[in-house]
Amino acid sequence: MNNLAKRTIFGALFVIVMTFCVTFDKITYFCLFWLIMLYGMREFFNISIGESMKLQRGLALMSGLCGFLAVYLLECCPKVPANCVSVLTACCFLLLLVIPVSCIFRQNHEDHGNLSYIYAALLYIALPIALSPRLVMDCEIYDGWMLLSLFIIIWLSDVGAYCIGTALGQKPDSKKLAPSISPKKSWWGFWGAVVLGTATAVGLHYLTWLPFTLGHCIAVGVIISVGAVAGDLVESLWKRHFHVKDSGNAIPGHGGVLDRFDSSLVAIPLASIYLSLFGLI
């Protein structure tokens, strides 16, 4: 099977799994995003610190899970006692404190600087995913269509960036977006992402998948498109720093989990912040 066929088949399966898990119910949503967090953080640790600091890696994964579960219960399970959320939140922060303390008992301290990558994974991967439950509830009713709509905007903005960037951005006189990070990305691709991403948001508004006014949908489309490009470049910068082509091989033809969700790690939190500021979620 050639690479194009592999990318097409597994890309289609990826979209099907995402659509089913996000829209079916809150349990499938939680399981999917917990796996995304788990594999995303593991991939980041593998390319950054390798096999070192296994205990600290495990504590970071547990902290991320506790934080995600606390927000999930708060937003998606309003009948759960408040003290459960409080305990999970306390565990999350306690683990954050235990991580550096646990380093005292390590025999080898020469790689202590790797501790910064433990916290980088928590901020870069765990925190954005932990905030996602705010986007899947309509009062007390689970509704994953809005979150799926935001992903659709990201996916189609990526298509716009690729198509316009390939058609117009590879000419000798085309200005590159960030040549020291990703030499092939151009300003043509950036504007292609913004235009198609915004057009997608407008289309989803008329399909009633995005339950906001047209003005807010346009703003969300622009924010997500810009955030998706930024997220792609952020991961490219990490991979260039660690001298790797892909973050992993979890998805055949597409690389790792981070390679598939790099755009959303910036775009989704930005959209969530915007919607929160205007009281839309």
Side-chain angles (χ1 to χ4, degrees), residues 14-15 17-49 53-77 84-85 87-96 98-99 115-137 142 144 147-148 150-151 154-155 227-228 231-232 234-235 238-239 242 246-251 254-273:
F14 170 79
V15 171
V17 170
M18 280 288 296
T19 302
F20 171 77
C21 290
V22 171
T23 60
F24 186 69
D25 67 16
K26 58 188 177 184
I27 302 299
T28 56
Y29 149 76
F30 176 82
C31 292
L32 173 65
F33 275 70
W34 176 74
L35 287 173
I36 293 169
M37 178 188 291
L38 173 65
Y39 278 93
M41 291 180 69
R42 286 182 61 187
E43 286 178 356
F44 185 82
F45 291 145
N46 287 339
I47 65 175
S48 61
I49 62 177
M53 292 192 160
K54 289 186 177 181
L55 173 61
Q56 289 71 30
R57 289 169 52 155
L59 293 172
L61 290 171
M62 291 172 58
S63 177
L65 175 59
C66 287
F68 180 31
L69 186 56
V71 180
Y72 171 79
L73 292 178
L74 182 65
E75 297 289 337
C76 302
C77 305
C84 290
V85 177
V87 169
L88 284 168
T89 304
C91 288
C92 174
F93 285 103
L94 180 61
L95 287 166
L96 290 177
V98 170
I99 289 171
L115 187 64
S116 60
Y117 294 121
I118 300 290
Y119 286 101
L122 286 164
L123 289 173
Y124 173 49
I125 301 166
L127 181 60
I129 292 174
L131 294 176
S132 64
R134 287 188 50 76
L135 297 166
V136 296
M137 294 299 293
Y142 178 81
L147 179 59
L148 180 64
L150 301 184
F151 275 105
I154 291 172
W155 297 336
D232 193 350
V234 167
E235 202 223 359
W238 279 119
K239 291 191 293 186
F242 294 119
D246 296 317
S247 64
N249 56 7
I251 307 173
H254 293 267
V257 170
L258 283 182
D259 295 318
R260 280 285 76 201
F261 289 93
D262 54 355
S263 299
S264 60
L265 292 176
V266 174
I268 298 295
L270 284 178
S272 179
I273 291 170

List the atom pairs, donor and acceptor, that lie under 3.5 Å between side-chain atoms in residues 59-71 and the rest of the protein, sequence neighbours left out.
{"from": "S63", "atom 1": "OG", "to": "C92", "atom 2": "O", "distance (Å)": "3.0"}

Between [atom1] of [X] and [atom2] of [Y], what distance do you get to the nearest 0.5 Å?
| X | Y | atom1 | atom2 | answer |
| --- | --- | --- | --- | --- |
| S48 | F44 | OG | CZ | 5.0 Å |
| L122 | M37 | CG | CE | 9.0 Å |
| D246 | D259 | CG | CG | 4.5 Å |
| L123 | I118 | CG | CD1 | 12.0 Å |
| L258 | S264 | CG | OG | 9.5 Å |
| I129 | L265 | CD1 | CG | 6.0 Å |

From the list R57, Q56, K54, side chain to side chain contact (heavy atoms under 4.5 Å, CB included) with I49 holds only for R57
Legend entry - L148 vs T19, side chain to side chain contact (heavy atoms under 4.5 Å, CB included): CA-CA, chis, key distance, verdict: CA-CA 7 Å; L148 180 64; T19 302; 3.9 Å; yes
Problem - Parallel, tilted or perpendicular: ring planes of F24 versus F20, cut at 30 and 60 degrees - result: parallel
side-chain hydrogen bond (donor to acceptor under 3.5 Å, both in side chains) filter on S132, not counting sequence neighbours, yields Y29
Applying side chain to side chain contact (heavy atoms under 4.5 Å, CB included), run through L147 and F33 and close with a yes or a no.
CA-CA 12 Å; L147 179 59; F33 275 70; 3.8 Å; yes
If you apply the rule side chain to side chain contact (heavy atoms under 4.5 Å, CB included), what do you find for E75 with L131, and how did you get there? CA-CA 10 Å; E75 297 289 337; L131 294 176; over 6 Å; no
Considering all heavy atoms of both residues, which atom of [X] and which atom of [Y] are nearest to each other, and what is their separation?
| X | Y | answer |
| --- | --- | --- |
| P269 | P128 | CG-CB, 3.5 Å |
| G40 | I125 | O-CD1, 3.4 Å |
| G144 | V22 | O-CG1, 3.2 Å |
| I154 | A228 | CG2-CB, 4.2 Å |

What do the steps show when you test W155 against V15 for side chain to side chain contact (heavy atoms under 4.5 Å, CB included), and what is the final call? CA-CA 10 Å; W155 297 336; V15 171; 4.1 Å; yes
| said: Taking the ring of F261 and the ring of Y39, is the distance between their centroids below 6.0 Å? | reply: no
Measure from the side-chain N and O atoms of [X] to the backbone N and O of [Y], and report whether any donor-acceptor pair falls under 3.5 Å.
| X | Y | value |
| --- | --- | --- |
| S272 | I268 | no |
| K26 | C76 | yes |
| Y72 | C77 | no |

For D25, look at atom CG and say whether over 12 heavy atoms of other residues, nucleotides or ligands are found less than 6.0 Å away.
yes
Between S247 and the options R260, E43, K239, R42, the side-chain hydrogen bond (donor to acceptor under 3.5 Å, both in side chains) test singles out E43
When F242, Y124, F45 are each screened for ring pair (Phe, Tyr, Trp, His ring centres under 6.0 Å) with Y117, the one that passes is F242
